[in-house]
Amino acid sequence: MESEVLKKKLSNIKERIKKAAIDCGRNPDTVHLVAVSKTIPKDTVRKAITAGVDILGENYIQEARDKINALSSYPVSWHFIGHLQSNKAKYAVKLFDMIHTVDSLKLAHELNKQAKKINKIQKIMIQVNISMESTKAGIYEEDSQKLIKEISLFENLSIKGLMTMPPFFNNPEKAGPYFSALRILRNNIRDKAIRNVNMQELSMGMTNDFEVAIKEGATLVRIGTAIFQAGRVGFGNKGNGIGDKL
Ligand SMILES: *Cc1c(COP(=O)(O)O)cnc(C)c1O
């Protein structure tokens, strides 16, 4: 993609983020853009960095490793947002500043072990399956507090917040209740003041629904299509709107 097009898309998204924050009385500086660069070639990612992206989200370890190594001279933060298998934990802690998708004790245990080996405190978020779809990753809400308490005992992990992916709706307003459920859960856990647990971050909202997520308290919005795909912003065919039938 051309630098100019990328710059335009990025400034459009940043404006929309700012407007969504201001419209609901939030400070726009509390919402950060994670530019999701899965499947995007490193040269395009480099252009995005030059255009002002400072957090990148990747889903696949192997692909991310090549890109992160190639772009290691840039002062950007890399976030892992894909499904992580325990046997890849070793690579994940070497490559990523933040891992959004921790949803089991087994995975947390392995991340802690690998982080300890390289003397790192790994920042993580807990992925919650708020919609309880059987096909989705994430811990169920009712089991989340127990998991967080257990993970809080791992010395080389630092819990920073919660992440979720609601069902896809053609009408993004319908995702609102899922986002607000995550915020309420976050507030409940925060009120418990568990040692080593900081509940500042809410990772929620993608191309189709980030404005709704910001209204419900998102601090990290994960946006790929609207930045990296050709065509009109928001015009991508993102699925069949299966959630609209729920
Ligand atoms: C791909 C992906 C995104 C970005 O989605 P877009 O609709 O392209 O903005 C966000 N979060 C996760 C977990 C993803 O896998």
Side-chain angles (χ1 to χ4, degrees), residues 1 5-6 9-17 20 31-41 44-45 48 51 53-64 67 77-85 88 92 95-104 107 123-131 133 135-139 160-176 178-179 182 201-214 216 218-244:
M1 190 182 296
V5 178
L6 204 50
K9 282 174 182 286
L10 195 59
S11 78
N12 173 288
I13 288 298
K14 285 190 168 173
E15 272 311 307
R16 283 174 61 190
I17 290 172
V31 186
H32 300 279
L33 170 64
V34 178
V36 176
S37 48
K38 61 168 175 254
T39 76
I40 305 300
T44 307
V45 177
V53 160
D54 55 6
I55 308 175
L56 290 140
E58 288 280 342
N59 292 59
Y60 311 105
I61 294 290
Q62 178 72 47
E63 181 196 333
K67 267 183 244 182
S77 180
W78 294 89
H79 288 200
F80 188 79
I81 64 169
H83 179 65
L84 186 59
Q85 286 164 325
K88 302 270 174 67
L95 294 168
F96 292 97
D97 299 307
M98 174 85 94
I99 296 169
H100 290 225
T101 49
V102 178
D103 64 355
S104 75
L107 175 59
K123 293 186 232 172
I124 63 166
M125 284 192 276
I126 305 301
Q127 182 174 3
V128 185
N129 185 354
I130 285 279
S131 55
E133 292 166 277
T135 53
K136 269 207 178 128
I139 182 100
K160 296 296 180 188
L162 305 178
M163 177 271 203
T164 201
M165 284 223 290
F168 181 84
F169 296 99
N170 286 315
N171 174 5
E173 292 295 336
K174 290 188 178 171
Y178 298 92
F179 295 140
L182 193 74
E201 308 289 355
L202 281 176
S203 167
M204 56 190 199
M206 320 199 317
T207 290
N208 189 55
D209 55 18
F210 70 88
E211 281 139 327
V212 180
I214 290 169
E216 299 297 346
T219 63
L220 291 162
V221 289
R222 310 178 310 265
I223 300 177
T225 305
I227 298 170
F228 290 112
Q229 298 304 323
R232 213 179 81 202
V233 169
F235 197 66
N237 181 8
K238 278 286 301 165
N240 57 10
I242 193 82
D244 287 288

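Note that ligands are numbered from 1 as they come in the structure, with each ligand's atoms numbered from 1 the same way.
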Undergrad: Distance under 4.0 Å to a non-hydrogen atom of I223: what atoms of ligand 1 satisfy this?
TA: 9 (O)
Undergrad: May I ask you to check whether T207 has an N/O atom sitting below 3.5 Å from an N/O atom of ligand 1?
TA: yes
Undergrad: Classify the ring geometry of H100 against H79: parallel below 30°, tilted from 30° to 60°, perpendicular beyond 60°.
TA: tilted
Undergrad: Looking only at heavy atoms, is any part of H100 under 4.0 Å from ligand 1, and if so is it the side chain, the backbone, or both, or is it neither?
TA: neither
Undergrad: Is there a side chain to side chain contact (heavy atoms under 4.5 Å, CB included) between V36 and M206 once you walk through the steps?
TA: CA-CA 9 Å; V36 176; M206 320 199 317; over 6 Å; no
Undergrad: List the residues meeting side-chain hydrogen bond (donor to acceptor under 3.5 Å, both in side chains) with D54, not counting sequence neighbours, and say none if there are none.
TA: none
Undergrad: Check the pair Y178 / T164 against side chain to side chain contact (heavy atoms under 4.5 Å, CB included), numbers first and verdict last.
TA: CA-CA 8 Å; Y178 298 92; T164 201; 5.6 Å; no
Undergrad: As an exercise, identify every atom of ligand 1 less than 4.0 angstrom from a heavy atom of R222.
TA: 4 (C), 9 (O), 10 (C), 11 (N), 12 (C), 13 (C)
Undergrad: Among side-chain atoms of E133 and T135, is any donor-acceptor pair under 3.5 angstrom?
TA: no
Undergrad: Using a 4.0 Å cut-off to any heavy atom of T225, which atoms of ligand 1 qualify?
TA: 6 (P), 7 (O), 8 (O), 9 (O)
Undergrad: With heavy-atom distances below 4.0 Å as the criterion, list the atoms of ligand 1 near I81.
TA: 11 (N), 12 (C), 13 (C), 14 (C)
Undergrad: Answer with yes or no whether N208 contacts ligand 1, where contact means a heavy atom under 4.0 Å from a ligand atom.
TA: no
Undergrad: Could you go through T219 and E201, starting from their C-alpha distance and side-chain angles, then the distance that decides it, and tell me whether this counts as side-chain hydrogen bond (donor to acceptor under 3.5 Å, both in side chains)?
TA: CA-CA 6 Å; T219 63; E201 308 289 355; 2.5 Å; yes
Undergrad: Would G224 count as a polar contact of ligand 1, with the cut-off being nitrogen or oxygen pairs under 3.5 Å?
TA: yes
Undergrad: Holding to side-chain hydrogen bond (donor to acceptor under 3.5 Å, both in side chains), I want the full list of residues that pass it with K67, two or more places apart in sequence or in another chain.
TA: E58, E63
Undergrad: If you measure from each non-hydrogen atom of N59 to ligand 1, which part falls under 4.0 Å: side chain, backbone, both or neither?
TA: side chain
Undergrad: With heavy atoms only and a cut-off of under 4.0 Å, state how K38 meets ligand 1: side chain, backbone, both or neither.
TA: side chain
